[in-house]
Amino acid sequence: MTAGSTRLPLTVVGGYLGAGKTTLVNRLLADPRGQRIAVLVNDFGEIGIDEVLIGEAADDPSILSLANGCVCCSLAEGFAKTLGKVRGMAHRLDRVVVEVSGVGEPAKVARWSRTPGFSPDGVVVVVDGSRIGEQLEDRRIGETVAAQVADADLLLLTRADLLDDEALAAAEAVLQPHSSAPTLRAPADPALLFGLEPVAGGSDADEHEPRDSAHAEHVSCSRVLREPIHRDTLDLWFQVRPRGVVRAKGILRMDGSPDMRSVVQVAGNHTSVTTSGAWSGDEPGGEAGAGAVVAIAMPGTPRAALVKWLGMLDS
Amino acid sequence: MGSPSPTAIYPAAAVHTLDPSRPTAEAVAVRDGRFLAVGTVDDLLRIDGATVDGSLERSVLMPGFVEAHSHTMAGGMWLHTYCGRFDRRGPDGHVWPGCTDLEAVIQRLREAEADLSAAGAGPDEPLLAWGLDPIYYPGERLVARHLDLVSTTRPIFVMHASCHLATVNTALMEFDGIGPDTDMEGLPKDGSGWPIGELQEPAAMFLADSAFRKFWERMRAEESLWNFGGKARNTGTTTLTDLGNRSSTDPAEIERFRKAVDHDDFPARLSVFHMPTPGTPEALEEAAAAVVATRAESSDKLRFGHVKLVVDGSIQGFTARLRWPGYLKGGNGIWVVPPEQVADILRPYHRAGLLIHVHCNGDEAVDVYLEAVEDLLTEHPRFDHRHTVQHCQLTSPSQYRRMASLGMCANVFANHTWFWGDQHASETVGPDRAARMNSARTALDLGVPLSMHSDAPVTPLGGLHVAWCAVNRLTPSGTVLGPEERISVAEALHAITMGAAHQLDMEDEVGSISPRKHADLAILEADPFTIDPVELRDIPVRGTMLGGRIFEAG
């Protein structure tokens with residue numbers, strides 16, 4: 001019913017109590033890269049859903065608190081209400097980030113991003129690198145933590161600066177049986193975690209310059225496309241993505257719906273396509289072409305693999 | 001000194017005071033909304049200005065029942081159509097027969113649709129229903145196709161008893177744009193790719209946006225609280241709880257309660273427990289101070305200032321946290337708050353001197369709560385705190401012993417034996433642990449102050465049913481589930497009156513027919529102390545007396 005309107009990308013941030021979710025979200029709010037972001041937090045103390053806070057969100061990145069505790073297991077009335085309000089101000093926002101409680105199930109919360117007005121933009125699960133080993137073994141919380149890790153499209157290892165290489169490798173090793181998601185080490189560029197915009201300008205831009213140091217070690221690549229894309233090609237493209245791809249995003253012209261912008265998202269293990277309004281004309285490839293796509297991969301990923309992968313969309 | 005206020009003497013067929021000093025009497029004397037004395041009519045007539053009121057002379061009088069675990073939702077649900085498995089009496093007294101099969105559910109909805117149309121509801125006004133529990137219809141599944149038999153034009157939304165699942169009809173899916181293209185986990189589809197009409201978990205329910213939100217919003221209506229009061233009056237309950245409420249420190253919420261409960265015609269007292277949200281220590285300190293401040297908003301009928309936290313899920317939903325060996329089918333439940341955070345969340349409330357009740361269905365959740373209380377009492381000792389384990393369904397004897405040492409109370413979910421006892425034996429924990437569930441006998445033997453509850457609307461409000469469950473431990477299949485854990489009628493009736501009053505910190509005001517306490521009575525048509533215990537739940541309730549005023553059941 002909202003096929004023609006803009007859908008807000010919704011990213012879920014999960015992870016056990018103390019993993020560093022709030023630090024991550026605060027970092028994003030401190031450096032929103034010009035995006036207008038609504039953050040929904042449900043570990044936020046006693047503040048109810050406040051009209052004033054929501055009103056301010058019109059202009060500023062703001063925090064909307066959930067008055068309903070754990071989103072995934074409560075009756076969720078409060079969450080439905082809050083999301084309804086966020087949806088109502090979608091034209092003044094660029095994205096939504098939901099911080100799940102420390103025992104919440106991120107994938108369950110991510111389901112909400114498939115409701116009208118939103119598009120799924122990945123589940124980031126934050127893991128305390130110095131404690132994950134014992135947490136996964138803990139008889140009380142082990143299953144909870146393992147389930148959270150299994151829900152991740154992207155894993156973010158925090159306290160990485162406190163660990164030597166051996167300990168870091170050990171932390172990544174204990175995660176492996178539970179998840180195949182790319183594991184980033186904090187501090188990571190928010191763009192890696194919360195999505196990025198395809199390249200601006202109209203020229204073929206095979207080179208995508210790194211923006212800052214955290215970004216610099218990662219391998220990135222972008223491409224402006226010439227021909228509309230068939231859905232089968234895209235599904236295949238999702239499947240054959242090179243190991244190490246952290247994020248990819250494209251605004252594409254699909255041959256099935258050429259008049260609509262199709263937004264393609266890859267966030268680690270997550271892939272999705274949603275339509276998001278009509279072409280505005282000044283987007284890369286918007287006028288006559290077929291859109292553009294950008295991808296970022298883990299340090300060490302062969303750049304040629306990334307170039308070849310993006311090239312698949314234009315062959 | 002002027003002359004004393006008028007005193008009414010109510011002779012009765014029997015009076016059970018639940019006050020061991022004077023356990024029975026011929027009549028009750030009431031003055032200024034309080035019990036003045038009990039005794040023989042002749043004794044009481046010596047009171048200056050006393051007159052006899054014969055209106056209760058054929059009834060049996062007990063202290064009004066105290067429900068120490070219920071939710072105001074129990075009233076709000078009745079704004080929707082009931083389609084549960086068991087007979088259930090509405091706030092207006094109408095008994096809705098249980099829907100024994102899906103055909104009965106469809107018939108119930110047909111009637112509701114006709115009523116809605118006759119009342120002039122617009123074509124888009126959704127038909128909202130509640131209480132369906134598929135656990136009772138094995139092999140069958142309510143889907144859109146069934147609901148389309150009720151209406152192909154009016155949206156229909158049936159919330160299941162667990163509130164984790166809903167079934168909707170095709171008209172609703174068309175209205176809300178739910179179709180083959182809708183990509184959502186929890187939206188099962190048939191072979192041809194069409195959603196079958198089942199919405200699993202709230203995110204999928206949110207696809208049915210208008211109906212889903214209306215389902216909850218309607219329950220905020222004033223009528224919802226009045227329905228709750230009506231349910232109390234019909235069941236002999238004079239003190240209710242809202243356990244708990246996240247908005248209880250919000251002035252608008254306080255006003256909403258005050259407007260209904262403090263009204264002279266509202267037939268019950270209500271204790272609203274605050275439900276804290278995890279947060280920073282500073283935020284929690286502030287929140288605790290706000291809860292302390294709400295105590296000043298209390299009145300004779302309305303009480304604020306206690307605290308309720310939820311630690312785990314439910315056993316029948318396989319979400320309660322169990323110790324080894326977990327569920328029959330394997331796995332364990334969920335934490336609603338991180339276990340190591342329980343003490344931190346409770347600390348400011350404990351230090352502020354507030355009464356804390358914590359929802360723990362599973363025995364692992366109980367361990368976590370007991371550890372937290374032990375830590376808090378070591379840091380900040382308190383006398384007579386009465387911190388209570390709510391539900392307490394799988395609590396072991398050693399846990400009960402520890403609770404007794406810590407000065408804690410148990411509010412046991414006795415109604416489970418009837419409503420899910422068979423399922424606990426066959427599906428959740430197996431016959432051995434099912435027989436040990438809700439072990440009221442063990443709690444009493446180990447010296448833990450006991451109450452028992454309905455958790456309405458999870459099971460129907462009503463102290464006599466709760467007592468019947470604990471005394472008989474019968475299941476619908478005819479099994480006596482754990483006969484060793486049965487308690488006596490006297491013990492059960494104590495639990496739903498004085499036991500509950502103690503846990504609500506109201507034992508000086510309600511719970512027994514004792515001088516000075518509020519004149520709150522359950523007015524019964526048979527004597528629970530002499531009737532065959534298996535008939536306890538069938539005793540007709542004529543109504544209640546609240547603060548000296550009689551409320552006839554609807």
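The sequence lines fix the lettering, A, B, ..., with proteins before strands; numbering per chain opens at 1.
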From CA spacing to verdict: side chain to side chain contact (heavy atoms under 4.5 Å, CB included), B/Gln341, A/Val103: CA-CA 11 Å; B/Gln341 211 180 11; A/Val103 286; over 6 Å; no
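- The side chain to side chain donor-acceptor pair (under 3.5 Å) pairs that include a residue from residues 131-142 of chain A are A/Arg140-B/Glu371, where partners are two or more places apart or lie in different chains.
- Taking a 6.0 Å sphere around CD of B/Glu185, one finds it holds 12 or fewer heavy atoms contributed by other residues, nucleotides or ligands.
- For B/Val337, the part sitting under 4.5 Å from any heavy atom of chain A is the backbone (N, CA, C, O) and nothing else.
- B/Arg323 does not touch chain A: none of its heavy atoms, backbone or side chain, sits under 4.5 Å away.
- Highest contact tally toward chain A, considering only B/Thr182, B/Leu207, B/Asp183, is held by B/Asp183 [criterion: heavy-atom pairs under 4.5 Å].
- Interface with chain B: from residues 141-149 of chain A, residues A/Ile141, A/Glu143, A/Thr144 qualify, criterion being any non-hydrogen pair under 4.5 Å.
- Salt bridge status for B/Glu201 with A/Arg111: absent, with no side-chain N to carboxylate O gap under 4.0 Å.
- Closest approach of B/Met184 and A/Thr115 over heavy atoms only: CE-CG2, 3.5 Å.
- A pairwise comparison of heavy atoms in B/Phe206 and A/Gly84 identifies CZ-N, 4.1 Å as the closest pair.
- Rounding to the nearest 0.5 Å gives a distance of 4.5 Å between CZ of A/Arg87 and CG of B/Asp209.
- Side-chain atoms of A/Glu105 and B/Ile334, non-hydrogen and from C-beta on, do get closer than 4.5 Å to each other.
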